[in-house]
A.B. asks: 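One structure follows; several queries about it will come next.
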Number of protein chains: 2
Amino acid sequence: MARVATTTDAFNAVAEPRRRQILDVLAAGERPVNDLVRRLGLAQPLVSKHLRVLREVGLVDVRDEGRQRIYRLNGRSLKPIHDWVKNYEQAWAERFDRLDVVLEELKGAEHTGKEQGDGSDDE
Amino acid sequence: MARVATTTDAFNAVAEPRRRQILDVLAAGERPVNDLVRRLGLAQPLVSKHLRVLREVGLVDVRDEGRQRIYRLNGRSLKPIHDWVKNYEQAWAERFDRLDVVLEELKGAEHTGKEQGDGSDDE
DNA sequence: TTGACATATACCGATATAGGCATATAGGGT
DNA sequence: ACCCTATATGCCTATATCGGTATATGTCAA
């Protein structure tokens, strides 16, 4: 048997560095494919294939706009990963057992994190 | 070319569900290999191989104890994953509102709305 | 229609993965 | 010494990956 298919879940989709790159770019705002191609310096078919994988695990959404396809981040699909790693957080942050510290960090993450201001969540 | 080697980084190591299972078991405490074998119902060589991968990316440590090898979780290696996903937390922040509320109650409404409206073109 | 552009897909090659089975290595007990 | 247990590794197969090149699909413009 070969490895678990990359289209299985977000874990596998995100294991590929280029796909993480794509998501990182999309985090700044939706973009057409060619924009990603130029920005990442990858071959266009390769980008399309990676986008397909990301689409199949729900990490990105597409919208047709003329002859362009606008891809948009759908970070919700990363939640399973976040939920899983979160359980290990204490392994590198033993201060984590105090609720106030938890909340402090939570808040910090909100205005310290890079702007993703695309507001892609909806529904 | 094939996929990036699973021994490359934690992202790839953790993309394999069995390896996540192993880590989950080890999260409860260090264990010898046979313990994992019984607990996961996998073939012993398979467990050993997965443990090797986990070891090579630093996700577990080993200690020799007689003729047993005690594996122990080293969750610090998961931090890169956590750091990466954390930036996307806002994408599913609807659920997060609940925590925002708690935060505001504790800290006195320090929370400011998230900035939006990037989507700007560029380059 | 023709042509140019934007994106997706088909096909191919090389790689290395997960898992199975058999065996090697190593330590403990007798 | 021997045997038994515990674990690691080697060899093998099937699979499906990633990346490349070529082509198909689709959309706009003249």
Side-chain angles (χ1 to χ4, degrees), chain A residues 1-23 25-26 30-57 59-73, chain B residues 1-23 25-26 30-73 121-123:
Chain A
M1 278 181 181
R3 194 186 297 194
V4 173
T6 99
T7 63
T8 291
D9 56 10
F11 280 96
N12 283 279
V14 152
E16 168 63 46
R18 271 78 139 90
R19 284 197 283 264
R20 257 175 287 151
Q21 277 183 40
I22 291 178
L23 293 180
V25 171
L26 290 181
E30 54 180 27
R31 298 228 192 299
V33 178
N34 242 346
D35 220 282
L36 292 165
V37 169
R38 280 194 306 271
R39 211 172 280 264
L40 302 175
L42 301 174
Q44 175 268 313
L46 189 51
V47 173
S48 276
K49 282 182 227 170
H50 281 315
L51 285 170
R52 186 195 228 278
V53 172
L54 293 172
R55 216 170 51 214
E56 291 189 332
V57 300
L59 275 167
V60 298
D61 294 320
V62 216
R63 173 171 49 103
D64 274 41
E65 200 171 283
R67 79 234 170 285
Q68 288 188 313
R69 308 203 82 196
I70 314 291
Y71 280 81
R72 195 184 55 170
L73 175 71
Chain B
M1 278 177 182
R3 193 190 297 195
V4 171
T6 117
T7 63
T8 292
D9 58 6
F11 280 96
N12 283 279
V14 151
E16 169 62 45
R18 266 74 183 240
R19 284 196 285 261
R20 257 175 288 152
Q21 278 182 41
I22 291 178
L23 294 180
V25 171
L26 290 180
E30 54 181 26
R31 295 226 156 53
V33 178
N34 243 345
D35 222 282
L36 292 164
V37 169
R38 279 193 307 271
R39 212 172 282 262
L40 302 175
L42 301 174
Q44 175 268 314
L46 190 49
V47 173
S48 276
K49 282 179 218 171
H50 281 314
L51 284 170
R52 185 193 228 279
V53 172
L54 293 172
R55 214 171 53 215
E56 292 190 333
V57 300
L59 274 167
V60 298
D61 294 320
V62 216
R63 171 171 50 102
D64 274 41
E65 199 171 284
R67 72 215 185 292
Q68 288 188 313
R69 309 202 81 195
I70 315 290
Y71 279 82
R72 196 183 52 172
L73 176 70
D121 51 332
D122 37 88
E123 40 111 19

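Within every chain, numbering begins at 1; the chains are lettered A, B, ... in the order of the sequence lines, protein sequences first and strands thereafter.
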A.B. asks: Can you name the residues that form a side-chain contact (heavy atoms from CB on, under 4.5 Å) with B/Arg55, not counting sequence neighbours?
C.D. replies: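 Testing B/Arg55 for side-chain contact (heavy atoms from CB on, under 4.5 Å), a comparison that skips the adjacent residues, returns B/Arg52, B/Val60, B/Val62, B/Arg69, B/Tyr71.
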A.B. asks: Using a cutoff of under 3.5 Å, can you pull out all pairs of nitrogen or oxygen atoms linking the protein to nucleotides 9-11 of chain D, with atom names and distances?
C.D. replies:
unit_1, atom_1, unit_2, atom_2, d
D/dT9, OP2, B/Arg52, NE, 3.3
D/dG10, O6, B/Lys49, NZ, 3.3

A.B. asks: To check you understand the geometry: which heavy-atom pair defines the closest contact between A/Val57 and A/Ala13, and what is its length?
C.D. replies: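 Smallest interatomic distance, heavy atoms only, reads CG2-CB, 3.7 Å.
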A.B. asks: Residues in side-chain hydrogen bond (donor to acceptor under 3.5 Å, both in side chains) with B/Asp61, at least two apart?
C.D. replies: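 B/Asn74.
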A.B. asks: Separation of B/Phe11 atom CZ from D/dC18 atom P, in whole Å?
C.D. replies: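 Nearest whole value for this atom pair: 16 Å.
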A.B. asks: Side chain of B/Asn34 only, please: which of D/dA6, D/dA8, D/dC18 is the nearest?
C.D. replies: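 Side chain of B/Asn34 sits closest to D/dA6.
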A.B. asks: Mind calculating the distance between CD1 (A/Ile22) and P (C/dA8) to the nearest angstrom?
C.D. replies: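 A/Ile22 atom CD1 is separated from C/dA8 atom P by 11 Å.
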A.B. asks: Any heavy-atom pair between the side chains of B/Leu26 and B/Leu59 that's under 4.5 Å?
C.D. replies: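 Answer no - side chains too far apart.
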A.B. asks: Taking atom C1' of C/dT7 as reference, at what distance in whole Å does atom CG of A/Leu36 sit?
C.D. replies: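 So the CG-C1' distance, A/Leu36 to C/dT7, works out to 12 Å.
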A.B. asks: Taking the side chain of B/Val33 as heavy atoms from C-beta outward, which of C/dG19, D/dG19, D/dA8 is closest to it?
C.D. replies: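 Taking heavy atoms from C-beta onward, the closest nucleotide is D/dA8.
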A.B. asks: Check whether any side-chain heavy atom of B/Arg38 sits under 4.5 Å from a side-chain heavy atom of B/Asn34, and report yes or no.
C.D. replies: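 Yes, close enough: below the 4.5 Å cut-off.
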A.B. asks: Would the distance check show the side chain of A/Arg31 and the main-chain N or O of A/Leu36 forming a donor-acceptor pair, the cut-off being under 3.5 Å?
C.D. replies: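 No.
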A.B. asks: Output all residues satisfying salt bridge (Lys or Arg N to Asp or Glu O under 4.0 Å) with A/Arg20, sequence neighbours left out; order by chain, then residue number.
C.D. replies: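 Testing A/Arg20 for salt bridge (Lys or Arg N to Asp or Glu O under 4.0 Å), a comparison that skips the adjacent residues, returns B/Asp9.
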A.B. asks: Does B/Arg69 place a side-chain N or O at less than 4.0 Å from the phosphate oxygens OP1/OP2 of D/dA8?
C.D. replies: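 Checking D/dA8 against B/Arg69, a side-chain N or O does come within under 4.0 Å of OP1 or OP2.
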A.B. asks: Who pairs with A/Arg18 by side-chain hydrogen bond (donor to acceptor under 3.5 Å, both in side chains), at least two apart in sequence or on another chain?
C.D. replies: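 If we apply the side-chain hydrogen bond (donor to acceptor under 3.5 Å, both in side chains) test to A/Arg18, skipping adjacent residues, there are no hits.
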A.B. asks: Tell me which of B/Val62 and A/Gln68 sits closer to the 5' end of DNA chain D, going by the nucleotide each one is nearest to.
C.D. replies: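 Here B/Val62 is the residue nearer the 5' end.
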A.B. asks: Taking only the side-chain nitrogens and oxygens of B/Tyr71, find out if one of them lies under 4.0 Å from OP1 or OP2 of D/dA6.
C.D. replies: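 For B/Tyr71, the contact criterion (side-chain N or O under 4.0 Å from OP1 or OP2 of D/dA6) is not met.
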A.B. asks: Can you check the A/Arg63 CZ to C/dA6 P distance for me, whole Å?
C.D. replies: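 For the pair A/Arg63 CZ and C/dA6 P, the rounded distance is 17 Å.
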A.B. asks: So which protein N/O to nucleotides 24-28 of chain C N/O distances come out below 3.5 Å?
C.D. replies:
none

A.B. asks: Rounded to the Å, how far apart are A/Glu56 CD and C/dA8 P?
C.D. replies: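 Atom-to-atom, A/Glu56 to C/dA8, this comes out as 12 Å.
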A.B. asks: For B/Ile70, give me all partners under side-chain contact (heavy atoms from CB on, under 4.5 Å), at least two apart in sequence or on another chain.
C.D. replies: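 Applying side-chain contact (heavy atoms from CB on, under 4.5 Å) to B/Ile70 gives B/Glu30, B/Pro32, B/Arg63, B/Glu65, B/Gln68.
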A.B. asks: Round to a whole Å and report the spacing from CZ of A/Arg19 to C1' of D/dG19.
C.D. replies: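 After rounding, the reported distance stands at 12 Å.
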A.B. asks: What is the distance, rounded to the nearest whole Å, between atom CZ of B/Arg31 and atom P of D/dA6?
C.D. replies: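 It works out to 16 Å between those atoms.
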A.B. asks: Using whole Å, what does the distance between atom P of nucleotide D/dA6 and atom CG of B/Asp35 come to?
C.D. replies: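 These atoms are roughly 11 Å apart.
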